[in-house]
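Below, each value reflects all heavy atoms present in this structure, side chains not excepted, and no hydrogens, waters or symmetry copies.
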Amino acid sequence: HMWFDAKLDAVDHLCFSRSPLLSVYADMSTTCREYHDTEKSMLELVFAPCSPLAGGNVNWIAKSDEQIIDATMGELARLFPTEIANDPEWPST
């Protein structure tokens with residue numbers, strides 16, 4: 001899960017992506033009644049492949065939470081360039 005303090009308007013359903021890291025994602029605050037929020041977004045993400053054993057180039061399982069979040073934020077910034085801004089806390093954005 002990733003919570004955002006602003007609404008990501010570009011995601012209004014379950015999305016399948018050609019992203020090398022985020023194969024499936026959805027804004028649960030839009031798609032699921034239990035998480036409904038008109039002001040904020042909560043993304044559910046499938047981060048895959050997670051290791052060379054699963055077909056990836058990087059062993060993400062061995063990485064720190066911060067490295068995984070940074071890679072995720074960088075990929076989200078690429079997928080949503082008008083909604084995910086450059087953030088010094090996450091160098092990949």
Side-chain angles (χ1 to χ4, degrees):
H1 309 307
M2 293 189 82
W3 294 90
F4 292 87
D5 59 2
K7 190 71 169 175
L8 300 176
D9 292 322
V11 181
D12 64 356
H13 53 281
L14 177 66
C15 298
F16 293 90
S17 171
R18 291 183 180 159
S19 161
L21 294 178
L22 305 176
S23 57
V24 178
Y25 52 91
D27 184 347
M28 300 299 282
S29 70
T30 300
T31 61
C32 186
R33 185 177 11 193
E34 290 84 4
Y35 295 104
H36 180 74
D37 193 323
T38 59
E39 304 294 319
K40 301 175 184 175
S41 284
M42 192 276 274
L43 294 186
E44 283 277 344
L45 310 154
V46 175
F47 191 96
C50 60
S51 73
L53 183 63
N57 296 326
V58 177
N59 184 3
W60 289 104
I61 293 173
K63 301 289 185 184
S64 69
D65 288 347
E66 289 78 19
Q67 290 171 304
I68 293 169
I69 292 169
D70 181 49
T72 301
M73 289 301 295
E75 195 59 20
L76 288 172
R78 189 181 72 76
L79 293 168
F80 304 102
T82 62
E83 296 185 288
I84 307 283
N86 183 287
D87 187 335
E89 184 176 351
W90 307 112
S92 291
T93 59

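With rounding to the nearest 0.5 angstrom, the CG atom of Leu14 is 9.0 Å from the CE atom of Met28. Rounding to the nearest 0.5 Å places CD of Glu66 at 9.5 Å from CD of Glu89.
Considering only residues two or more places apart in sequence or on other chains, Lys40 meets the side-chain contact (heavy atoms from CB on, under 4.5 Å) condition with Asp37. Scanning for ring pair (Phe, Tyr, Trp, His ring centres under 6.0 Å) contacts around Trp90 gives an empty result, with sequence neighbours left out. Under the rule for a side-chain contact (heavy atoms from CB on, under 4.5 Å), the partners of Thr30 that lie at least two apart in sequence or sit in another chain are Lys7, Asp12, Asp27. Listed by chain and number, the residues in a side-chain contact (heavy atoms from CB on, under 4.5 Å) with Ser92 are Asp70 (sequence neighbours excluded). The side-chain contact (heavy atoms from CB on, under 4.5 Å) check on Pro81 picks up nothing, with sequence neighbours excluded. Phe80 pairs by the ring pair (Phe, Tyr, Trp, His ring centres under 6.0 Å) definition with Tyr25, not counting sequence neighbours. With sequence neighbours excluded, the residues that form a side-chain hydrogen bond (donor to acceptor under 3.5 Å, both in side chains) with His1 are Glu44. Under the side-chain hydrogen bond (donor to acceptor under 3.5 Å, both in side chains) criterion, Gln67 pairs with Ser64, not counting sequence neighbours.
Val46 and Phe16 fall within a single hydrophobic cluster, where Ile, Leu, Val, Met, Phe, Trp and Tyr side chains are chained together by heavy-atom contacts under 4.5 Å. Put simply, Tyr35 and Leu45 are part of two different groups of oily side chains (I, L, V, M, F, W, Y) that touch within less than 4.5 Å, one to the next. Hydrophobic clustering (ILVMFWY, side-chain heavy atoms < 4.5 Å, transitive): Val58 and Ile61 are in distinct clusters. Taking hydrophobic clusters as Ile, Leu, Val, Met, Phe, Trp and Tyr residues chained together by side-chain heavy-atom distances below 4.5 Å, Ile69 does not share a cluster with Trp3.
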task = In sequence, state the C-alpha distance, the side-chain angles, and the governing distance for Thr72 and Leu21, and then conclude on side-chain contact (heavy atoms from CB on, under 4.5 Å).
result = CA-CA 7 Å; Thr72 301; Leu21 294 178; over 6 Å; no
request  = Under the side-chain contact (heavy atoms from CB on, under 4.5 Å) rule, what do Leu76 and Leu8 come out as? Steps first, then yes or no, please.
outcome  = CA-CA 11 Å; Leu76 288 172; Leu8 300 176; over 6 Å; no
inquiry  = Let's go through Met42 and Cys32 carefully: what are the C-alpha distance in whole Å and the side-chain angles of both, what is the deciding distance for side-chain contact (heavy atoms from CB on, under 4.5 Å) to 0.1 Å, and is it a yes or a no?
reply    = CA-CA 10 Å; Met42 192 276 274; Cys32 186; over 6 Å; no
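Judged as a salt bridge (Lys or Arg N to Asp or Glu O under 4.0 Å), not a single pair has a partner in residues 45-60 (not counting sequence neighbours). Each side-chain hydrogen bond (donor to acceptor under 3.5 Å, both in side chains) pair with one or both residues in residues 49-63, not counting sequence neighbours, would appear here, but there are none.
The shortest heavy-atom contact between Gly55 and Pro49 is C-CG, 3.9 Å. Considering every non-hydrogen atom in both Ser29 and Ser41, the closest pair reads OG-CA, 3.5 Å. Leu79 and Ser19 get closest at one heavy-atom pair: CD1-CB, 4.3 Å.
Side chain of Glu83 to main chain of Ala10: a donor-acceptor pair is present (N/O by atom type, distance under 3.5 Å, no hydrogens or angles).
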